[in-house]
K.L.:
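Handing you this structure, nothing more for now.
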Amino acid sequence: MPFCSSGGCGKKPAAVPPLAPASMEERDWAALPGDIVFAVFLVLGPREIMEGADRACSAWRRVAVGEPKLWRCIDMGKVWQWSSTTKPWRAAARAAVGRSAGRCEAFSGPCDDDFLVYLVERAPSLKSLHLLHDDESKVALDVTLLDKLTFLEDVDISLSYFSDCASQGLLEAICEACPRLKKLRMNFDVCHDSNYYDDDMDINGEETYVIPVMSELRSIELLCYSLTAAGLTAIIDNCPLLDSLNVTGCPMIDMMDQELRTKCARVRNLVLPCDSSDDDYYEEYDPEQGYESDYIHEEF
């Protein structure tokens with residue numbers, strides 16, 4: 001029966017259902033060009049690549065494993081938390097460095113002596129090295145290995161287990177092994193849960209510091225470090241281009257004579273424990289809490 005627009009002679013026809021959208025063409029992600037996959041992988045970190053992306057298909061894995069440029073800068077971050085196994089970061093870090101095929105120029109992540117040996121051997125082109133010490137059985141890394149890295153310019157090492165004497169020895173060893181550094185940062189943030197304790201620890205360190213001439217060093221940060229006047233003198237005397245020096249830890253202003261103060265004036269950006277631009281500044285010492293400035297430092 002025909003429909004009448006007026007008079008109610010019939011029912012309205014049923015609404016015409018909307019057209020179903022054209023079905024999406026199934027994509028073959030494995031067929032993506034290698035350069036596109038490479039560009040995507042560049043924005044991913046080691047965890048995302050090794051625990052996800054390179055397991056998607058054989059084509060993606062070929063890019064992840066076969067493109068050394070992809071691993072030129074390796075940032076492992078907190079990779080040791082990936083699983084509950086002992087030192088789970090080591091296998092992942094070794095795999096990442098191995099994939100670089102000797103072209104890795106920057107590495108950041110946890111480290112112990114065994115991995116440092118591997119890293120130095122497999123990444124001779126390193127320019128930047130940021131390490132978080134992960135070995136409570138030793139107070140420091142064997143940084144003498146770094147003398148094999150002739151291109152090294154930037155070193156950042158954070159330790160959790162150390163003594164003051166060991167920290168001085170580590171600083172001297174790094175300077176000896178890497179005289180061409182441009183930037184050095186060391187964080188001696190002591191871990192009170194460590195099994196290591198040095199009963200004979202001399203909090204003032206040695207009277208003399210052995211720092212070689214570092215003609216290219218421009219920036220030093222020593223965090224939570226007991227630097228002595230002798231150490232400060234050695235740094236200033238042997239780093240002619242030093243532009244920035246930041247030290248936190250035990251106060252040392254009272255140990256500085258006028259000659260050392262004059263030398264320090266040559267450093268444009270200078271921050272020392274309990275230092276202040278206010279001449280009347282005074283920080284009260286609390287026997288239990290120490291100086292407030294001891295707790296102001298950056299985290300790795």
K.L.:
side-chain contact (heavy atoms from CB on, under 4.5 Å) for S215 and R180? Distances and angles first, verdict last.
P.N.:
CA-CA 7 Å; S215 58; R180 292 172 295 279; over 6 Å; no
K.L.:
Locate the shortest heavy-atom distance separating P110 from M76; write the atom from each residue and the value.
P.N.:
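Minimum heavy-atom contact is CD-CB, 4.2 Å.
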K.L.:
Closest approach of L184 and C175, non-hydrogen atoms and distance?
P.N.:
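Taking every non-hydrogen atom into account, CD2-SG, 4.4 Å.
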K.L.:
Please say which of L217, V213, L245 ends up in a side-chain contact (heavy atoms from CB on, under 4.5 Å) with C239.
P.N.:
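Testing C239 for a side-chain contact (heavy atoms from CB on, under 4.5 Å) against L217, V213, L245 leaves exactly one candidate, L217.
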K.L.:
How close do V143 and A173 get, heavy atom to heavy atom, and via which atoms?
P.N.:
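Minimum heavy-atom contact is CG2-CB, 3.5 Å.
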K.L.:
Name each donor-acceptor pair under 3.5 Å that joins a side chain in residues 99-106 to protein atoms two or more places apart or in another chain, with its distance.
P.N.:
unit_1 : atom_1 : unit_2 : atom_2 : d
R99    : NH1    : D54    : OD2    : 3.2
R99    : NH2    : D54    : OD2    : 2.9
S100   : OG     : V97    : O      : 2.6

K.L.:
Mind running side-chain contact (heavy atoms from CB on, under 4.5 Å) on V155 and K183 for me, showing each step along the way?
P.N.:
CA-CA 6 Å; V155 169; K183 182 179 181 180; over 6 Å; no
K.L.:
Between CG of L116 and SG of C111, what distance do you get to the nearest 0.5 Å?
P.N.:
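The CG atom of L116 sits 4.5 Å away from the SG atom of C111.
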K.L.:
Would you call the rings of F115 and W89 parallel, tilted or perpendicular, taking 30° and 60° as the class edges?
P.N.:
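Rings of F115 and W89: perpendicular, as their planes differ by over 60°.
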K.L.:
Who are the side chain to side chain contact (heavy atoms under 4.5 Å, CB included) partners of A234, not counting sequence neighbours?
P.N.:
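In terms of side chain to side chain contact (heavy atoms under 4.5 Å, CB included), with neighbours along the sequence ignored, A234 is linked to Y209, I211, N238.
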K.L.:
With a cut-off of 3.5 Å and sequence neighbours excluded, list every side-chain donor-acceptor pair involving residues 144-153.
P.N.:
unit_1 : atom_1 : unit_2 : atom_2 : d
T144   : OG1    : D142   : OD1    : 2.5

K.L.:
Identify, with sequence neighbours excluded, every residue that meets side-chain hydrogen bond (donor to acceptor under 3.5 Å, both in side chains) alongside D154.
P.N.:
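With neighbours one apart ignored, the set is S128, H130.
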K.L.:
For side-chain contact (heavy atoms from CB on, under 4.5 Å), just list the numbers for T248 and L272, CA-CA rounded to whole Å, side-chain angles, deciding distance to a tenth of an Å, and then say yes or no.
P.N.:
CA-CA 6 Å; T248 71; L272 298 176; over 6 Å; no
K.L.:
Rounded to the nearest 0.5 Å, how far does CG of N246 lie from CG of L223?
P.N.:
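Reported value, rounded in 0.5 Å steps: 6.0 Å.
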K.L.:
Could you work out, with side chain to side chain contact (heavy atoms under 4.5 Å, CB included) as the rule, every residue matching E176, not counting sequence neighbours?
P.N.:
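Result, side chain to side chain contact (heavy atoms under 4.5 Å, CB included) vs E176: P212.
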K.L.:
In this structure, would I220 and V210 fall into the same cluster of hydrophobic residues linked by side-chain contacts under 4.5 Å?
P.N.:
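Per the 4.5 Å side-chain linkage, I220 and V210 are not co-clustered.
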K.L.:
Which pairs, with at least one residue in residues 62-75 and sequence neighbours excluded, count as a side chain to side chain donor-acceptor pair (under 3.5 Å)?
P.N.:
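Sorted result for residues 62-75: empty, none.
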K.L.:
Which distance, rounded to the nearest 0.5 Å, do you find between the CG of L132 and the CD1 of I157?
P.N.:
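One gets 10.5 Å once the value is rounded to the nearest 0.5 Å.
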K.L.:
Are the side chains of R90 and D112 in touch, meaning some heavy atoms are under 4.5 Å apart?
P.N.:
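Counting from C-beta outward, R90 and D112 do come under 4.5 Å.
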K.L.:
Going from CD on E221 to CG on D156, what distance comes out if it is rounded to the nearest 0.5 angstrom?
P.N.:
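Those atoms lie 8.0 Å apart.
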K.L.:
Find out if a path of hydrophobic residues (ILVMFWY) with successive side-chain heavy-atom gaps under 4.5 Å connects L241 to L232.
P.N.:
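Each belongs to a different hydrophobic cluster.
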K.L.:
Check whether any side-chain heavy atom of L131 lies under 4.5 Å from a side-chain heavy atom of F107, and answer yes or no.
P.N.:
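Result yes, sub-4.5 Å side-chain heavy-atom pair found.
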K.L.:
Less than 4.5 Å apart, any side-chain heavy atom of V247 and any of V271?
P.N.:
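Side-chain contact under 4.5 Å: no.
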K.L.:
For residues 240-251, which residue pairs qualify under salt bridge (charged side-chain N to carboxylate O under 4.0 Å, His left out), counting only residues two or more places apart or in two chains?
P.N.:
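Of all non-adjacent pairs touching residues 240-251, those that pass salt bridge (charged side-chain N to carboxylate O under 4.0 Å, His left out) are D243-R268.
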K.L.:
Between L181 and E216, does the side-chain contact (heavy atoms from CB on, under 4.5 Å) criterion hold? Intermediate values first, please.
P.N.:
CA-CA 6 Å; L181 283 182; E216 299 181 43; over 6 Å; no
K.L.:
Quick one: does M186's side chain get under 4.5 Å of Y225's, heavy atoms only?
P.N.:
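Of all side-chain heavy-atom pairs linking Y225 with M186, none is under 4.5 Å.
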K.L.:
In Å and rounded to the nearest 0.5 Å, what is the NZ to NZ distance from K182 to K127?
P.N.:
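Interatomic distance, K182 NZ to K127 NZ, rounded to 0.5 Å: 9.0 Å.
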K.L.:
Looking at G98 and R122, what are the two nearest heavy atoms and their distance?
P.N.:
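In terms of heavy atoms, the two residues are closest at CA-NH2, 4.0 Å.
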K.L.:
Do R218 and S244 have side chains that get closer than 4.5 Å, going by heavy atoms?
P.N.:
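No, side chains not in contact.
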K.L.:
Please answer: with hydrophobic residues joined when any side-chain heavy atoms are less than 4.5 Å apart, are I49 and V65 in the same cluster?
P.N.:
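No, because I49 and V65 fall into different hydrophobic clusters, even though each may have its own neighbours under 4.5 Å.
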